[in-house]
Each structure stands twice: as C-alpha cells, then as structure tokens.
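Not measured: the values here are computed from a predicted model. Below, read A as the first sequence line, B as the second, and so on, with proteins coming before strands; counting in each chain starts at 1.
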Amino acid sequence: MEKYDPRVVEAKWRERWEKGRVNEVDLEKAQRPFYNLMMFPYPSAEGLHVGNVFAFVGSDIQGRYRRLLGFDVFEPMGFDAFGMHSENFALKTGRHPATMVPKNIERFREEQLKKMGLMLAWDCQVDTTIPEYYRWTQWMFLTLYKNGLAYKAKGPVNWCPGCQTVLAKEQVIDEKCERCSSVVEKREMEQWFFKTTAYQDELLDALETLDWSERTKLAQKQWIGKSVGADVIFQVEGGPKFTVFTTRPDTLFGATYVVFSPEHPLLDEIATPAARPALEAYRQTAQSVSETDRQDEKREKTGVFTGAYATNPVNGARVPIWAADYVLMGYGSGAIMAVPAHDGRDFAFAKKYNLPIVQVVSSPPGTSVEDEAWAGDGRLMNSGEFDGLEAKTDGLSKIVALLAGRGLAEPRTHYRLRDWCVSRQRYWGPPIPIVYCDKCGTVPVPEKDLPVTLPFIEDFKPDGSGFSPLHRQKDFYETQCPRCGGPAHRETDVSDNFLCSAWYFYRYPSTRFDDRPFDAELTRKWLPVDLYVGGNEHAVLHLLYSRWLCRALYHAGAIDFPEPYRKFVAHGIIVKDGGKMSKSKGNIINPDEYVSEFGADSFRLYLMFMGAYLEGGDFRDGGVRAMKSFLDRFVAAVSPKAGPLSPEPPAGAETLYWLHSTVKSVTQDIERFSYNTAIARLMELVNYLTKHKIRLREISATAVRLLAPFAPHLAEELWEELGNGETVFKSSWPTYEEEYIRRPQVEYVVQINGKLRDKLLLAVGLTPEEIEPLVLQSPGVAKWLEGKTVVKKIFVPDKLVNLVVK
RNA sequence: GCGAGAGUGGCGGAAUUGGUAGACGCACUGGCCUUAGGAGCCAGCGGCCGCAAGGCCGUAGGGGUUCAAGUCCCCUCUCUCGCACCA
C-alpha cells in the first residue's frame with residue numbers, strides 16, 4: 001500500500017498556514033468570537049513536555065472544531081517565563097535567565113509548537129518577561145494597591161530555604177516547596193500580601209454557577225474552607241475570659257475540658273505556678289516538633305494540664321484547661337472546647353489523659369461514645385432544657401441564641417483561605433513598583449513611570465540575607481521619591497510569578513496596545529474566555545489567583561465580568577507504561593522524536609486515542625506507529641489519488657447509515673471531549689469503506705472534515721486533492737440526518753430468563769403482537785421453551801425480547 | 001481521618017435512560033504475499049468444556065433490588081487525587 005510522507009505534507013501546510021495567515025483572526029471584525037485558551041507553558045530548557053502537547057492538542061481540537069462550526073476562533077499562545085522554574089534552572093546550569101529565556105522561547109515556538117499543528121495566532125504572542133508585558137503586571141499591582149487590596153504586613157510566612165524566598169500558602173505542598181521540595185520553615189517577616197480573603201465568599205458562592213470540572217470546583221471549595229459556627233466565651237476561674245470557636249455549639253453540654261494552643265498568649269497568665277515548669281517544657285518540645293515532624297499524621301496526641309479551670313457558660317460546669325499542640329494558633333481563636341463524645345480528636349486526647357466523656361447527642365443503637373466519638377446526627381441528651389431537639393439544626397440554633405442573649409456567644413464563620421503572600425526575595429520577576437521615602441513613607445510608582453525595569457545583573461544568586469539580589473544593586477535600590485523628589489529606596493522584592501499568569505489572557509487580544517494593559521472594547525468582545533483547558537494541578541494556584549484578580553478588576557470597574565472563564569476543563573495526566581515519567585527512570589517521552597518519525601498528525605492522534613482526554617492515558621511505544629498506519633489506510637480509502645472516486649451521492653442505505661452515524665458520533669464525542677471514541681468511530685468508518693471497497697466523493701469530503709480537528713495537515717492535503725478551496729478550515733462541519741441513521745431492520749436480542757438465546761433481524765417498528773410469533777418460531781428459542789410455560793413477556797421496542805419461563 | 005473519583009481480557013481502553021460486556025487499537029497466533037522486512041492483506045483472539053453445534057462461567061470481593069445489573073442500593077478490599085490535628 002502506498003504511504004504518505006508526513007514530512008512533506010506537514011511542511012507544506014505549515015508554510016501555507018503561515019503565509020496565508022490562516023490561523024490568525026481579525027479581532028475587530030470577528031462576528032462570532034470564540035476565545036479558546038490553553039494554559040501557557042513555561043519555556044523550560046528541556047523543551048516541550050509531552051504533557052504540554054497532550055493538553056494543547058486536546059484544546060486545539062476544540063478550537064478547530066469550533067472554527068469548522070463557523071466561529072471566529074482566537075487561539076493564542078504565550079510563555080510564562082518569569083519565576084523560579086526558569087531562575088532555578090538557570091542557576092543550576094550556570095546560565096543567565098535573561099539570555100536563556102529568549103532562546104528557549106524561540107525554540108519552543110519555532111522547533112516545537114509550530115510543528116504540532118496547533119491553530120495558534122502567533123501575532124498575539126505573550127512573553128511575561130518583556131517590559132512591554134511586565135509593565136502591566138506592575139500596573140495590576142498598583143491597581144490592587146490603590147483599591148486597598150495590596151498591603152505590607154509582618155507576620156509568620158513560609159520560607160523556603162532552598163529557593164531562599166517566602167512562598168504563598170498555596171505553594172507549600174505537604175510542608176514542602178512546590179518548586180524545589182525543600183521543607184518550608186515558618187519565619188516572621190514583613191511581606192506584601194494581596195487580600196484574597198476580601199472575596200472569599202464571592203469566590204466560594206460563584207463556584208456554583210461555573211461550568212467547570214467538578215473536581216476543580218471541589219478543590220477550590222476545600223481550599224477556601226468555610227466553617228460556619230460560633231464563638232463562645234468561657235471564663236477562667238478567677239481569671240480572664242477567652243473565646244473558643246466551634247462548629248458544633250450544639251454539643252456544648254458535652255464540653256468536658258478546653259484546650260489552648262501551646263502558642264496561646266493567655267497561657268502565661270492562667271497557668272498555676274505548680275503547672276508552669278511542665279507547661280514550659282511542653283511548649284519547647286511542641287515548637288521543635290512542629291518544625292520537624294508535623295507530617296506524621298498518626299502522631300499521638302500530647303498535652304499538658306495548666307492547673308487552671310474554666311466555667312462552661314452553658315451549664316456552669318468546671319472544666320480543666322489543657323495546652324496541646326493539636327490545637328493550632330493560626331485557626332479560630334487558638335483555643336477550643338473539647339467534646340470527646342462527639343469529636344474524634346478530642347476523644348483520642350480524652351482517652352489518653354483520662355478526661356471525662358459525656359454524651360450529649362444520641363448515637364445509633366449498638367454504638368457507644370466510650371468506644372468511638374459520634375459526629376453524626378442525633379437528638380440532644382444530657383443537655384437540660386434542650387434535650388430531644390435535633391442537635392445540628394434546632395439544638396444548635398437554640399443553644400447559640402440562649403448564650404447570645406447573655407452576650408456569651410455569637411455566630412461566626414472561619415475560612416482556611418489566607419491572603420496571598422506575593423513578595424519574592426528573588427531576581428527573575430517583575431519588580432514590585434513601590435518606593436520607600438523617609439518623608440512620604442510607602443509611595444507607589446506613578447503609572448507614567450512604569451515599567452520599573454528589572455536591571456540586568458550578572459550575579460543574580462540569592463545570598464541568604466533574606467533580601468532579593470536586587471537589594472545589592474545600588475543603582476536600582478537607591479532612587480528618588482516620586483512624590484517629594486527626596487532620597488528614597490525601591491522595594492527590592494519581585495512579585496510572585498503567579499501574578500504574571502493571573503492576567504495574561506487579558507493581554508492576548510491587546511498585545512499591540514502600548515498604552516493600556518488591555519483594550520476595553522476588545523476585552524468586552526472576547527472575554528471572558530469561552531473555553532479554558534488546563535491541568536488540575538492549578539486548581540488552587542493559578543485558577544484561584546486569576547479568579548480573584550478578575551473579581552478585583554471587576555470591583556475596581558476595569559472590566560465588566562466577575563469570572564474570567566466561562567468553561568474550564570481539566571485534562572488528565574499522561575503516564576508511561578502505568579507509572580509516572582521521570583528522569584531517573586529514563587522514561588521521559590520526547591515529542592520531537594515521534595513527530596519527526598511519524599509526523600505531528602500521527603502523534604496528535606495517538607495522544608488523543610490513548611485514553612479519555614479528561615482522565616489521561618498510558619503512553620505506549622508503538623501506538624504512534626499504529627496511528628500512522630491508520631492514516632495510511634485513511635488516505636487509501638478516501639483519496640482520489642489512491643483510486644477513482646465515484647461522483648455519485650451514496651445511494652445504499654447501509655452506506656448512508658455509516659456516513660451519518662459517524663458524523664453524529666464524532667460530533668457528540670468532540671463536544672464531550674471523548675476524543676478516543678471519536679477516533680475509534682473514524683477507524684470504523686475507514687474499515688467499512690475499505691472492506692466494501694466503497695469510494696465516493698461525498699464520503700471522502702465528509703470523512704476528511706471529520707478528521708481535520710485531529711490530523712489537520714493531512715486533512716488539508718486530502719481536501720486539496722479532492723479539488724476544494726484553500727483550506728479545509730474555511731469549509732464547514734458536516735451535518736447528519738437522523739433519517740439515515742434509522743435503519744430499516746434491527747437485530748433483536750431474544751432472551752429467555754434474561755439469558756441471550758437468539759438474535760433476530762426484524763423490521764423496525766413492529767408491535768409486540770407481531771414479534772411474538774416470530775420469536776416463538778425461531779429455532780434458537782423453541783428448544784428452550786419445550787415443556788415450559790411462558791409466564792412473562794418483556795418487549796423493548798426495536799431492541800429486545802425477554803421471555804420469562806417456568 | 002474527611003472529601004472526591006476509580007477498579008472491565010495479556011495491555012491501553014469502549015459500553016445514552018439498567019437491555020447483545022469487551023467497540024477501537026496494541027500485543028499475540030495462524031495463513032497469504034515477499035529475496036527480505038519493525039511493511040501490507042486475510043483470519044482468530046475473556047476463561048473453561050467441546051471436532052463442531054453449542055453450553056457454563058465472567059466487569060475487585062460479598063450481599064440485595066429487577067424479567068434484566070459493569071451500570072442502581074448496602075457492606076468489604078485496593079488504588080489515585082484533593083484537604084488534613086482547621087475545632
């Protein structure tokens with residue numbers, strides 16, 4: 001069989017697309033805008049990762065499909081090139097990011113991305129490291145500052161000793177740095193923060209309205225971590241009052257002790273002299289433990305009695321006050337009421353230190369709160385006047401109301417979300433546009449003076465001083481106050497790379513404007529993004545930051561929509577031979593090798609065929625070759641060069657059925673990102689055409705357009721061979737007619753007692769009365785009926801007959 | 001621990017509302033073609049029994065609902081992901 005040469009075909013169409021500007025869209029004139037966004041990569045020196053290609057191709061298929069449907073599709077690409085991923089790599093390899101990054105970008109674009117057959121509008125490329133871009137990143141910072149959403153404050157922050165910078169909470173994974181995996185330390189430092197908590201409720205509530213992958217929404221919901229409950233005031237016997245936060249005020253009668261975090265400031269005041277030495281010792285160990293061994297989840301609970309007692313406000317009970325490190329200072333009030341009968345942690349602690357357990361919510365029969373805490377629903381008991389009430393509803397609100405009336409409780413909501421720490425003590429990022437003046441204090445750099453240019457410095461290595469390397473640059477550090485003209489110095493921290501990526505999609509349609517971050521009219525026309533495809537690892541990083549920034553810009557009146565993405569789809573992860581790819585295993589897939597041997601079309605096709613796009617897949621060598629051979633068979637079946645095509649429209653019912661049902665399936669499969677099954681349907685069509693030697697022009701024209709989103713180069717070549725216009729992507733998506741998909745005859749499944757016994761080819765639309773004699777006569781059925789009586793008959797129209805016999 | 005998702009041939013993976021389990025592909029086996037092939041074509045390919053026709057079993061394990069269960073319900077096990085002494 002003759003084979004096509006992907007090198008020739010793909011080079012030809014790459015050139016034509018570029019020359020004919022086929023991938024560009026007229027941003028002003030577009031009538032049916034569709035903004036198809038994919039998460040931009042950071043241009044690593046290793047080159048494009050197969051995971052990137054997988055993500056981009058799946059997104060590109062949507063873009064090309066929408067284009068064939070008649071949309072004006074804008075599919076831009078850019079490079080997220082500031083930040084520690086680039087900088088750390090440069091440090092490791094002894095290069096300078098300022099020279100390394102442009103080379104990497106060039107290679108990504110020219111050698112890799114352009115060869116993948118992506119429908120990218122390169123006119124609108126974004127590079128976050130050029131002054132024309134980061135000038136507006138700094139503008140974002142200033143806009144947030146002016147709206148009271150950026151502030152500098154001293155507090156405990158996460159310090160990565162490997163990267164020598166602070167990190168945001170979101171960038172600490174299991175106590176480790178997201179980038180270098182060093183164990184992160186807590187440090188008291190003064191840092192810049194963005195007030196993400198200002199919109200925590202909006203960000204949470206709006207999740208309900210978003211057309212996003214559920215798991216992504218869930219991750220954000222958990223991260224925001226809203227807990228509704230109440231603050232309850234306890235009184236230390238002969239001492240001060242203090243507050244505990246609880247989500248279960250209904251269990252207040254079961255609070256048999258209270259626990260303070262070891263860091264709680266009140267401990268010094270209330271601890272009895274006798275208990276002090278033990279308390280001090282415990283605080284010392286607690287501090288060291290929390291630094292080193294916090295990941296150990298099964299760590300046994302520890303604590304120490306303070307010698308003091310408090311009064312339970314609801315019943316006046318005398319309860320001991322303990323200090324224990326299972327209570328965190330950073331959440332709620334740093335103190336809790338312990339209800340061992342109804343909280344697992346309190347239960348474990350009470351058992352260990354022999355503290356009383358009082359059940360106040362009924363548990364299911366056969367369970368005992370002496371064995372295990374019961375956190376489920378039930379009715380109140382041992383709770384005085386509240387006995388019998390449904391605990392979590394009526395009981396809860398009535399107990400809170402009682403205490404609130406005495407000024408001892410108030411409804412309260414806590415969140416796990418923290419403000420976004422955005423300062424980085426590093427070099428490779430956009431300088432924070434702030435100046436400190438002895439006279440004027442903190443002064444934002446005026447907009448007209450932007451950008452604050454990142455100076456080229458030879459030695460950009462962090463020095464462990466806790467300051468950015470920019471701090472060592474006198475000509476950068478020393479400046480004049482923009483307000484009074486007096487001597488001043490610049491902020492030397494740069495901002496978190498996630499600020500660069502929080503707004504890049506506003507920039508794409510407006511890259512040609514030098515005087516504004518994004519053009520109001522184009523933004524109105526193209527945003528929010530219609531479809532965003534990316535990895536779920538950014539559920540609480542990029543996706544949360546960019547949602548937050550969008551809200552900030554919305555409230556500042558800069559844009560007129562509160563959410564940046566109409567639809568977000570999280571693609572799956574590719575593994576190799578059932579396991580993760582890693583350098584140590586030496587099983588990293590190099591996309592270039594496959595593309596140069598089999599062509600981008602085959603590579604795209606295999607990546608999409610491997611598994612469900614939303615779930616990822618398992619990459620096996622050999623798969624790409626199989627796709628090439630499928631494309632060869634495709635060419636043989638539909639190309640006029642492979643043999644004459646009949647110009648007649650397809651007359652046979654069977655052929656029409658295949659044609660139309662394939663169009664229907666492929667269309668529906670693309671809509672639901674089920675690319676593997678769409679490709680399978682195309683294979684079936686080719687198998688059918690080949691087997692029956694059916695060669696019709698109309699079928700070829702349809703099949704080529706169905707293939708186009710997946711294998712664009714070859715589709716163009718075949719479209720041209722079929723004598724059509726300049727590009728298949730200016731044609732249209734094939735349509736189907738249901739009437740051809742309905743077949744005149746269907747294969748009935750005949751079951752006896754639910755077991756398959758025969759299959760009968762029958763005309764569609766028969767009634768049960770018409771079918772019954774046919775079924776009873778069929779030899780496959782008759783033998784099962786001998787000596788039996790039919791007691792029940794099930795008819796599923798055009799599908800199945802089930803006879804229940806005895 | 002809490003939450004979410006998943007478990008189907010030798011392998012990757014398919015199966016609208018419960019209605020033919022294993023589509024499509026890989027690997028493998030046999031045959032054809034070829035000087036040769038990491039090429040192409042034809043056929044087979046869940047397990048067990050059988051020459052065959054056919055039969056029995058089979059979607060992690062156990063129970064249930066139903067004429068009918070991969071699909072719905074309950075229990076158990078395993079894996080992946082997210083959060084994690086968050087009160």
Side-chain angles (χ1 to χ4, degrees), chain A residues 1-3 173-174 214-223 225-227 229 244-248 251 258-259 261 290 294-302 324-328 330-339 342-346 348-349 373 375 414-416 536-537 539-540 573 575 577-578 605-606 609-612 615-623 625-627 629-630 632-633 636 665 668 674 676-684 686-687 690-691 747-759 780 783 791-796 799-805:
Chain A
M1 191 176 77
E2 205 176 316
K3 294 180 188 176
I173 316 284
D174 291 333
E214 280 308 314
R215 56 183 170 149
T216 313
K217 291 206 265 188
L218 206 65
Q220 290 214 349
K221 191 177 170 181
Q222 279 188 106
W223 190 260
K226 183 176 185 173
S227 302
V244 302
F245 172 68
T246 177
T247 55
R248 293 293 305 278
T251 62
V258 297
V259 188
S261 161
S290 66
R294 279 294 283 280
Q295 298 107 303
D296 190 359
E297 59 179 78
K298 293 272 191 284
R299 214 176 100 238
E300 200 175 326
K301 292 200 171 21
T302 57
D325 68 0
Y326 80 94
V327 175
L328 307 174
Y331 190 79
S333 62
I336 61 153
M337 62 178 219
V339 185
H342 305 292
D343 181 282
R345 296 155 299 184
D346 299 341
F349 193 78
H414 277 282
Y415 298 83
R416 196 163 45 220
N536 210 36
E537 69 274 14
V540 296
I573 305 288
V575 296
D577 301 319
L605 219 45
Y606 179 62
F609 184 70
M610 247 172 13
E615 266 135 60
D618 193 345
F619 193 99
R620 308 263 161 169
D621 289 318
R625 173 185 305 281
M627 292 302 127
S629 93
F630 161 63
D632 285 326
R633 283 186 294 125
S665 305
Q668 290 179 343
S674 183
N676 53 340
T677 54
I679 293 165
R681 296 291 90 81
L682 286 171
M683 289 172 167
E684 284 181 280
V686 168
N687 290 346
T690 307
K691 184 168 182 180
E747 194 174 53
Y748 266 83
V749 170
V750 183
Q751 299 180 332
I752 309 291
N753 289 344
K755 293 203 174 209
L756 173 70
R757 293 306 179 194
D758 208 353
K759 293 176 187 176
K783 69 173 181 184
V791 294
K792 193 167 185 180
K793 306 162 194 165
I794 314 287
F795 291 91
V796 181
K799 215 167 213 173
L800 167 145
V801 178
N802 187 13
L803 300 176
V804 184
V805 302

From the options [options], select the nucleotide whose nearest atom is closest to the side chain of [X].
X        : options             : result
A:Arg757 : B:U17, B:G25, B:C56 : B:C56
A:Met683 : B:C41, B:A39, B:C24 : B:C24
A:Ala680 : B:A23, B:A87, B:G19 : B:A23
A:Glu747 : B:U20, B:C85, B:G25 : B:U20
A:Trp223 : B:A87, B:C83, B:G19 : B:C83
A:Ala219 : B:G40, B:G82, B:A87 : B:G82

[X] has an atom [atom1]; how far is it from atom [atom2] of [N], in whole Å?
X        : N     : atom1 : atom2 : result
A:Leu328 : B:C83 : CG    : C1'   : 14 Å
A:Glu684 : B:G22 : CD    : P     : 13 Å
A:Asp343 : B:A84 : CG    : C1'   : 14 Å

Considering only atom [atom1], compute the distance from [N] to [M] and round it to an integer number of Å.
N     : M     : atom1 : value
B:G37 : B:U29 : P     : 15 Å
B:A14 : B:G9  : C1'   : 13 Å
B:G58 : B:G1  : C1'   : 37 Å
B:G30 : B:A39 : P     : 15 Å
B:G46 : B:G22 : P     : 10 Å
B:U59 : B:G5  : P     : 23 Å
B:C42 : B:A21 : P     : 28 Å
B:G7  : B:U17 : P     : 16 Å

Do [X] and [Y] touch side chain to side chain, with heavy atoms closer than 4.5 Å?
X        : Y        : value
A:Met610 : A:Met627 : no
A:Tyr326 : A:Leu328 : no
A:Gln220 : A:Lys217 : no
A:Ile336 : A:Asp346 : yes

Which residue, A:Val540 or A:Leu800, contacts RNA chain B at a nucleotide closer to its 5' end, judged by nearest heavy atom?
-> A:Leu800
With a 3.5 Å limit on both atom pairs, tell me what [N] is paired to, counting Watson-Crick and G-U wobble, or say none.
N     : answer
B:U71 : none
B:U80 : B:A4
B:G50 : none
B:U65 : none

Assigned glycosidic conformation for B:G9 [threshold 90° from 0] = syn
Which part of the nucleic acid, if any, lies within contact of [X], taking any heavy atom under 4.0 Å across all strands shown: a base, the sugar-phosphate backbone alone, or nothing?
X        : result
A:Lys759 : base
A:Val259 : nothing
A:Glu214 : nothing
A:Asn687 : sugar-phosphate
A:Val804 : sugar-phosphate

Kindly assign one of parallel, tilted or perpendicular to the pair A:Phe245 and A:Tyr331, based on the angle between their ring planes and the thresholds 30° and 60°.
-> perpendicular
For A:Phe795, which residues count as a ring-ring contact (aromatic ring centres under 6.0 Å, His included) partner, sequence neighbours excluded?
-> none
Without swapping roles, check the side chain of A:Asp343 against the backbone of A:Ala373 for a donor-acceptor pair under 3.5 Å.
-> no
Sugar-phosphate atoms are those with a prime plus P, OP1 and OP2; base atoms are the rest. Using that split, label each nucleotide of nucleotides 4-14 of chain B B, S or - for protein heavy atoms under 4.0 Å, 5' to 3'.
-> S------SBSS
Ignoring hydrogens and angles, are the base of B:C67 and the side chain of A:Lys792 linked by a donor-acceptor pair under 3.5 Å?
-> no
